[in-house]
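Notes follow once the structure below has been shown.
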Amino acid sequence: HEEPLLFEHAHDAPEALNMPGVDGDISPELAAFARKRPTNIPGLSEPETVRHFVRLSQWNHGIETGFYPLGSCTMKYNPRVNEQVVRLPGLAHIHPDQPEESVQGALELLYELQQWLGEISGLPHVTLQPAAGAHGELVGLMMIRACLDARGESNRRKVLVPDSAHGTNPASAALCGMQTVELKSGADGRIDLDELKAHLDGDTAALMMTNPNTAGAFESDIREICQLVHDAGGLVYGDGANLNALVGVARPGDMGIDCLHINVHKTFSTPHGGGGPGGGPVVVNETLAPYLPVPRIEKQGSQYKLIHHDQQSIGPVLGSAGQIGVMLRANAYISAFGREHLHKIAEDAVLNANYVLHRLKERYHVPFEGLCKHECLLTDEYQNSHGVKTLDIAKRLIDLGFHPMTVYFPLIVHGAMLIEPTETESRETLDAFCDAMLEIADQCEAGETEMLHDAPVKPFRRRLDETQAARKPVLVWQE
Amino acid sequence: HEEPLLFEHAHDAPEALNMPGVDGDISPELAAFARKRPTNIPGLSEPETVRHFVRLSQWNHGIETGFYPLGSCTMKYNPRVNEQVVRLPGLAHIHPDQPEESVQGALELLYELQQWLGEISGLPHVTLQPAAGAHGELVGLMMIRACLDARGESNRRKVLVPDSAHGTNPASAALCGMQTVELKSGADGRIDLDELKAHLDGDTAALMMTNPNTAGAFESDIREICQLVHDAGGLVYGDGANLNALVGVARPGDMGIDCLHINVHKTFSTPHGGGGPGGGPVVVNETLAPYLPVPRIEKQGSQYKLIHHDQQSIGPVLGSAGQIGVMLRANAYISAFGREHLHKIAEDAVLNANYVLHRLKERYHVPFEGLCKHECLLTDEYQNSHGVKTLDIAKRLIDLGFHPMTVYFPLIVHGAMLIEPTETESRETLDAFCDAMLEIADQCEAGETEMLHDAPVKPFRRRLDETQAARKPVLVWQE
Amino acid sequence: MRFLPHTDTDRSAMLEAMGASSIRDLFADIPAEFQLERGSLGLEPALSEAAIVRKFTRASEKNRNATNSRYFLGGGTYHHFVPAVVDYVISRGEFLTAYTPYQPEISQGTLQALFEFQTMIARLTGMDVSNASMYEAATATAEAALMARRVTRKSRVVMAGSVNPRYRSVTANYLSRLEGEYTEVDMGGFGTDLSKVIAAIDETTACVIVQYPDFYGSVYDLAPLRAACDAAKCLMVVAFSDISAFALIESPGAMGADIAVGSGQALGIPMGFGGPHLGLFACKQKHLRQMPGRVCGLTTDVNGKRGFVLTLSTREQHIRREKATSNICSNQGLMCTAAATYMTLMGEAGLEKVARHSAAALQMLVTKLPAHVTAPLDARYNETVLSFSDQAARDRFLATARSEDIFAGIPLEQIEPGAGANHLLVATTEMVEESDIADFIAALEVAK
Amino acid sequence: MRFLPHTDTDRSAMLEAMGASSIRDLFADIPAEFQLERGSLGLEPALSEAAIVRKFTRASEKNRNATNSRYFLGGGTYHHFVPAVVDYVISRGEFLTAYTPYQPEISQGTLQALFEFQTMIARLTGMDVSNASMYEAATATAEAALMARRVTRKSRVVMAGSVNPRYRSVTANYLSRLEGEYTEVDMGGFGTDLSKVIAAIDETTACVIVQYPDFYGSVYDLAPLRAACDAAKCLMVVAFSDISAFALIESPGAMGADIAVGSGQALGIPMGFGGPHLGLFACKQKHLRQMPGRVCGLTTDVNGKRGFVLTLSTREQHIRREKATSNICSNQGLMCTAAATYMTLMGEAGLEKVARHSAAALQMLVTKLPAHVTAPLDARYNETVLSFSDQAARDRFLATARSEDIFAGIPLEQIEPGAGANHLLVATTEMVEESDIADFIAALEVAK
């Protein structure tokens, strides 16, 4: 059923809510600045507010309502106990500037998470401050830049980025005042060592790489790659978006990566929330440790401290110590797996992706042969000849009860479909998804092109006109 | 999308959860009684469990998803803050047999509720123990019986019940070992004083009445009715299911009612939960006060006490002091309205019902003229000539986005439709509902009979075969 | 008022449409003498939401609770773990704010959950069928006695004295208003002596009610009683207070129960100071139509698709009125959804682990008891009676334990008024840690 | 492991289907030297759910929090009331566990909520348009400076010294890696002297950043700055830290801001030890295409029905890569839904009441100050600076207040390292009761 915009509800706002606090006078000095025009925020009664947002929620697909095989996004189950514990009053209702002795419990949980992230990544020095993955990239590059400057190599501003990389990589480099040079991927979708060598020089600050890469393939030359970059005087930045393939099985730090951000809203299951909040802790080795941002959480004796000032630090990158609630959820997730089970995250994630690949590889074009890690890459090449594109397949999946996979990314293949099932999906669900994909392939071959172009027909809205939206943007409601 | 029964999910249960506590040996004596056959409870992983029940929830209509005009059920908005406060650990995780001094906070809130219910009803002596309305009826009748026995009138076992009464009334009387005599309603749907007089005699224990009655009409002769019963040596039991019409505006105790149960899941907005839990506190006057069940909550000085034994009490009617969590929600609801606003509950509820009646009365047959209180009664008389029945109208409402009203109750009219909008619905919603009802009347007159017989077509399931279900009952899943 | 959508403009417009001039015009049928002045009731001033939160928080903090104490209380209510998922599911408005599923087309969520609930309860108790809940265990026990009378058309009810005293007193209370005899069989000790129960059976007996594990935690073989009931053509009713037991020990059904009733509070429902809990009612298929309460059944819709409805409603009060099998209407629907969610999450293996840990904790405790405290040595599930030399010794221990934030048990006479005041009813669940037991034992030594 | 659905049977069957013999076969592309032995990481043993609850409960109870203390802390984070409805809405899995709404057909819930959020933020700030959030206020301020450079094609950024020091230092940090000048204007006192700011503007200036109300709570007229910016053809960027102010006082838009950035934490989001909060970004329509971050726009579907999509994505990193307006990708989506719910529940009148009570509490506090403490007497919203004779006097008061469970304020030098150590930054919200103020004043007297 339709639900109007709240501005369209057919009545004036009910009387104001009963409010606690001081129902007294404001100062005449402040009153002189009284707002002259009404805010025109309509307001609904509580019953109507709840019904409005509950109804809106029903138009959404979420992990709790169905499979969400978005490649590079790691849409896994978000434990409910995590939502419960972060709402405990001593964690939810504390201020970042309370005296340290009044927040030792919170600091203890955060410090523990720092230690764990260091251990899991093999990069023992950690900041929890970055608010998201892209923010972590920026922070990591700032640290690399600070390190190079400290070495007297302020000329090094070139960042090598494979053409398969996430778009945030070059954007973060630009924001850090560095120049991106794109590396063309090899025929197997991996980094081409010759291409890398050709671009490494005395101006090179870093290589930004994602491993496994965005085609789902592990960069098996990782040791050599890191060695080449280090020999050329640069550092290696790891984009941790795909860490779910490795957690508990292998550590980026052991491979030669100097600096890595971790998307806790991917690997450690903090909910995506329709776009955020995320969390992008950055883990580094000894080389970069002095440059970590402030405030830092440290343990001194039995006391936990927030260190606000440090000479070599790149300084603050956020107005607080981080997205604390998100970090606490990550602590809870790791606590639940513990030493005994943590590797099962990567193992089942990789098992699931390879299983999907196995079931679909005869009917969908696989651009790069071999094992995949936690996600598998297909293209629409076989379907193109029937006039069906990746977008049609994606939209048809909606009618069959699934969220589409990531489409048209990575950019290095035409019509990419990147599928990431994660460790929290059952074989039953994977089979149902693969069956749906095979049914689409059948329908395509049977010439049901029009039906595929018309999809989706089941959800609340059908295909939306994005061109119209962009050409004449309407971003706020006008009565 | 379909969701299988959990027994049908296509895999074995995952390994057992990690469990706290003592992972040790049980005694050999107990081990001798070990269960021999497996429970065969399949078990799903946590992600699958959540998805299973979230998907099931999506097939339900609730107050939060739409209008729920069920007459005699008082489906009003259930405040979210009430759900929050009853989950506070000092209220949710306490045992009924903890020492009294360790549960003073809980007892205080319950005692306060008792006082409030007494004040609101005009019947100052209160038990919170009955678990639901029907349970309250039984408890009230037990007290009436005990009172009559104490008067030496153990012959009085006859309970007069109008034919418009809820079915629980005669059922509760039977369970209390009393005999029901049905009073035929007058032409206006109200109690016929002559009919009442004709049945009052020396064997009469009580009149059970609902006021306003189930046709939504106030029994304006209430003073005379109570007087007649009292003069005949009987007591008057009030069915509080319709208290929402009176709360803050008039008090049953002032009218001569001796004993009343209060459905807190109706009047005081504790959620219905798909059938329960409810709560049926009983409030009585001085005459019946000695017979209240135990345990009772009393205040002695500044301490709150649970009184477990009392000579004249009818004894315990439940294994605990009541559905405490439900009572706490009722306290929170009354707290929010307070002295200043409580009457608005009845005022807006009655306003809404009369507004609906006003908008529909030209197109739907109104069996009893005049004002209604918190609900209004219509019948399908005008639609019958077009081959359309109450059931068809109800099912068509589903397609139009509304839960049906109560149908075929009360039994005193043919094809009853009993509509109760409550105070928490907006004019906008009432208008939309009335528009839908008028549209159905139009469709009926336009001869769209088949469409109306086919309704509903929109929900997840269409009309279900109730005969088949009852004839060969399948109540458990057989693999 | 934040729950009321109308503005005064709305109210005026609606009144005007009806030709009324004030809301009180709509109350003209209520005699003026009964109409209250607005705001005249003796209530507190309205509270803001923040003030309500503050009020309840303060009240909550006056209570000590199981999350900040060591916990050994039982007697029908148990501190088992409640997974966050259970509370999340029943907090969703689609379950929480739905009515009884009388309109099945838009209530399939509640109905399928009920069907799954009934199935799992039947399997766990070993019975053929389950209903869709009663209020709680005591009233369910009373309803079982009434059902046995209907089934057997006999009236005498025999109740073992080792049934939870609260179940006994509520049952006695229910039955006392009705025709027919009710007999309680005194047990003597802290366990069940079936020979005494069997001796009380005669040919007028409709049913025998025992508890298993009994009120004192004792587990025993019901086979002799089953034979005796067969001989007397009466029903065997088995009550229970912690259903978690049956993941570990033989079920009432396997022991031959005709009717099994008890508490499902262990299945994901917090203690909540006594409620809302979950009354369970299960029986043999052949007695189905005499069962009280709602049931959910399988059927198909007009398209032939599987669906669920409330069924056998001709037993119920809204159809049968005074001839109904019970007067129950509102039941514990939401708690059924909670229990279904809990059992799904646990599965067979998880349920068994809960039971095993609950029983192992008791065994560990009993094994470590110092000599001045005695406990029975026969089969107990997760509850037993500790006996002290005298009341003073027991109360000294209770006081010591309280000072260490240990709720060490319930003085037996608090539930069973006839019991001596030197006994303590002690229960364990999977929430009891080894260190809690060590602290319990240490307190015993201190208070010796 | 309760989050993993596979049994070992599943795993074997899947491996067999693929022709693999063990899961580690699937990791053959990772050099063996890098592969860890299972269970070899230095982590803690796995915890049951109950143990996780216990661990976090214990940690939580080590902290004193705003629900059991009197609270006067601000400085960018405020203890406003969070209605239960807000938390309920964002706890629903359909909002909580959804991804960024790139597939609009099955994301209309998130999208419509975003559109409503953008509209309400635009109205409250008095701006034309809002984006769909930034991380928080400090980074949003930095992004505003960068946007001003793109719009004006000039590079100098002038920052008033009365902007929250954390916004200043993060902005300075962001800008320090890029070309262009950055100047901070020292203010001297605890307020904003616009003449000093205006004096710092020159023709190379891209923007001037001020805070309103400023870091010290001061409210002042921005008209002179607007005129100066017009003259210099630079943008006026207005930062804010408690958006609740604008329900009571003139908005940044009404004051002429080109860009308004700040925190939306006041809109139903708990303090949470510093996050996740909500960064807001609003600007004039004409600068829309230089705005960073996601935006939601209105459009229609193929049936002509109104719907919403993420739009203007050609500004963003996943399309424009190094030429994007920002690198931001994950934002604070769920907090937008929280804020939209909060504003809907409050409405204009409720928001105004929150602001009025917040300001009235400060006014009451300042009026009652004893003579040994001074505070500015000009217009302040809900925050001000109290000055003591010396650090010892201030710290004596803080200690007294702490012993009474009052969090009385933030030592100014904790946020502004250059400040003298005799000042206290004190904030009030609608959660401060009259009795809290009385206790605050009493503590001042005691510690005199």
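By convention in this document, chain letters (A, B, ...) are assigned in the order of the sequence lines, proteins followed by strands, and residues within each chain are numbered from 1.
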Apply salt bridge (Lys or Arg N to Asp or Glu O under 4.0 Å) to the pair Arg38(C) and Glu347(B), showing each step before the final yes or no.
-> CA-CA 11 Å; Arg38(C) 287 173 177 164; Glu347(B) 288 189 354; 2.7 Å; yes
Passes side chain to side chain contact (heavy atoms under 4.5 Å, CB included), Arg251(B) versus Leu36(C)? Steps please.
-> CA-CA 8 Å; Arg251(B) 312 198 304 171; Leu36(C) 302 170; 3.7 Å; yes
Full working for side-chain hydrogen bond (donor to acceptor under 3.5 Å, both in side chains) between Gln332(C) and Gln323(B) | CA-CA 10 Å; Gln332(C) 304 294 104; Gln323(B) 308 247 48; 2.8 Å; yes
Walk me through it: do Arg356(C) and Asp23(B) pass the test salt bridge (Lys or Arg N to Asp or Glu O under 4.0 Å)?
-> CA-CA 8 Å; Arg356(C) 189 168 289 278; Asp23(B) 190 8; over 6 Å; no
Verdict with supporting geometry, Arg87(B) and Ser91(C), side-chain hydrogen bond (donor to acceptor under 3.5 Å, both in side chains) | CA-CA 11 Å; Arg87(B) 285 165 170 79; Ser91(C) 296; 3.2 Å; yes
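Heavy atoms closer than 4.5 Å to chain B are found in both the backbone and the side chain of Phe27(C). Heavy-atom distances place no part of Ala137(C) under 4.5 Å from chain B, backbone and side chain included. Interface residue Gln35(C): backbone and side-chain heavy atoms are both found under 4.5 Å from chain B. Only the side chain of His343(B) comes within contact range of chain C, with at least one heavy atom under 4.5 Å from a heavy atom of that chain. There is no contact between Arg320(C) and chain B, counting heavy-atom distances below 4.5 Å. If you measure heavy-atom distances from Ala173(B) to chain C, you find no contacts under 4.5 Å at all. For chain C, the nearby part of His358(B) is the side chain; its heavy atoms alone come within less than 4.5 Å. Only the side chain of Thr311(C) comes within less than 4.5 Å of a heavy atom of chain B; its backbone N, CA, C and O stay farther away. Of the two parts of His95(B), the backbone and the side chain both hold a non-hydrogen atom closer than 4.5 Å to a non-hydrogen atom of chain C. Contact of Tyr174(C) with chain B is made through backbone and side chain together, with heavy-atom distances under 4.5 Å. Using a 4.5 Å cut-off between heavy atoms, Val85(C) contacts chain B through its side chain alone, with no backbone atom that close. Only the side chain of Lys395(B) comes within less than 4.5 Å of a heavy atom in chain C; its backbone stays farther off. With a threshold of 4.5 angstrom between heavy atoms, Ile410(C) approaches chain B through side-chain atoms but not through N, CA, C or O. The parts of Phe53(B) that come within reach of chain C are both its backbone and its side chain, each placing non-hydrogen atoms under 4.5 angstrom from that chain. When heavy atoms are compared at a cutoff of 4.5 Å, Leu70(B) approaches chain C solely by way of its side chain, counted from C-beta outward. Residue Ile398(B) touches chain C through its side chain alone, counting heavy-atom pairs closer than 4.5 Å. Looking at Arg380(C), the atoms closer than 4.5 Å to chain B (heavy atoms on both sides) all sit in the backbone: N, CA, C or O. For a residue to count as touching a neighbouring chain, one of its non-hydrogen atoms must lie under 4.5 Å from one of that chain's; by this rule Glu119(B) touches chain C with backbone and side chain alike. Contact of Ile314(B) with chain C is made through backbone and side chain together, with heavy-atom distances under 4.5 Å. Proximity to chain C is limited to the side chain of Met75(B), based on heavy atoms less than 4.5 angstrom apart. Contacts between Ser27(B) and chain C at a heavy-atom distance below 4.5 Å involve backbone atoms as well as side-chain atoms. For Val129(C), the parts sitting under 4.5 Å from any heavy atom of chain B are the backbone and the side chain alike. The parts of Leu318(B) that come within reach of chain C are both its backbone and its side chain, each placing non-hydrogen atoms under 4.5 angstrom from that chain. Heavy atoms closer than 4.5 Å to chain B are found nowhere in Asn164(C), neither backbone nor side chain.
Closest of all the heavy-atom pairs between Ile52(C) and Val85(B) is O-CG1, 4.3 Å. Ile26(B) approaches Ala360(C) most closely through the heavy-atom pair CG2-N, 3.9 Å. Considering every non-hydrogen atom in both Ile94(B) and Arg64(C), the closest pair reads CG2-O, 3.4 Å. Contact between Glu105(C) and Pro456(B) at its shortest, heavy atoms only, is CG-CG, 3.7 Å. Smallest separation of non-hydrogen atoms from Leu475(B) and Leu288(C): CD1-CD1, 3.2 Å. Here the closest heavy-atom approach between residue Glu348(C) and residue Pro38(B) is recorded as OE2-CB, 3.0 Å.
Looking at heavy atoms from C-beta onward, Phe407(C) lies in side-chain contact with Ser102(B) at the 4.5 angstrom threshold. When side chains are defined from C-beta on, Leu91(B) does not count as touching Asn65(C), because their heavy atoms never get closer than 4.5 Å. Side-chain contact between Asp97(B) and Gln414(C) is present, with heavy atoms from C-beta onward closer than 4.5 Å. The side-chain heavy atoms of Leu4(C) and Phe337(B), taken from C-beta on, include a pair separated by under 4.5 Å. Side-chain contact between Glu466(B) and Pro104(C): present, with at least one pair of heavy atoms (C-beta onward) separated by less than 4.5 Å. Looking at Arg2(C) and Val81(B), their side chains come closer than 4.5 Å, going by heavy atoms from C-beta outward. For the pair Leu109(B)/Lys55(C), a side-chain contact is recorded, criterion being any heavy-atom separation below 4.5 Å from C-beta on. Contact annotation: the side chain of Arg35(B) approaches that of Ser251(C) to within less than 4.5 Å [non-hydrogen atoms, C-beta and beyond].
When Arg359(B), Arg37(B), Glu3(B), Glu29(B) are compared by the number of non-hydrogen pairs under 4.5 Å with chain C, Glu29(B) comes out ahead. By number of non-hydrogen pairs under 4.5 angstrom with chain C, the leading residue of Ile120(B), Thr65(B), Val54(B), Val326(B) is Val54(B). When each of Glu433(C), Arg294(C), Glu352(C) is scored by its heavy-atom pairs under 4.5 Å with chain B, the top score falls to Glu433(C).
Judged by distance alone, the side chains of Thr300(C) and Gln468(B) do bring a donor and an acceptor atom under 3.5 Å apart. Counted by atom type alone, Thr39(B) and Arg123(C) present zero donor-acceptor pairs between their side chains at under 3.5 Å. No hydrogens or angles considered: nothing links the side chains of Thr168(B) and Arg321(C) as a donor-acceptor pair under 3.5 Å. Side chain to side chain, Glu116(C) and His52(B) meet the donor-acceptor criterion of an N or O pair below 3.5 Å. Side chains of Asn60(B) and Thr110(C): a donor-acceptor N/O pair is present below 3.5 angstrom, by distance only.
Using the six-membered ring where Trp is involved, His79(C) and His93(B) have ring planes that are perpendicular, over 60° apart on the 30 and 60° scheme. Using cut-offs of 30° and 60° on the angle between ring planes, the pair Trp477(B) and Phe115(C) is perpendicular.
Around atom CG of Asp25(B), no more than 12 heavy atoms belonging to other residues, nucleotides or ligands sit under 6.0 Å away.
Taking the centre of each ring, His135(B) and Tyr135(C) come in below the 6.0 Å mark.
By the 4.0 Å N-to-carboxylate-O rule, Arg427(B) lies close enough to Asp10(C) to be salt-bridged with it.
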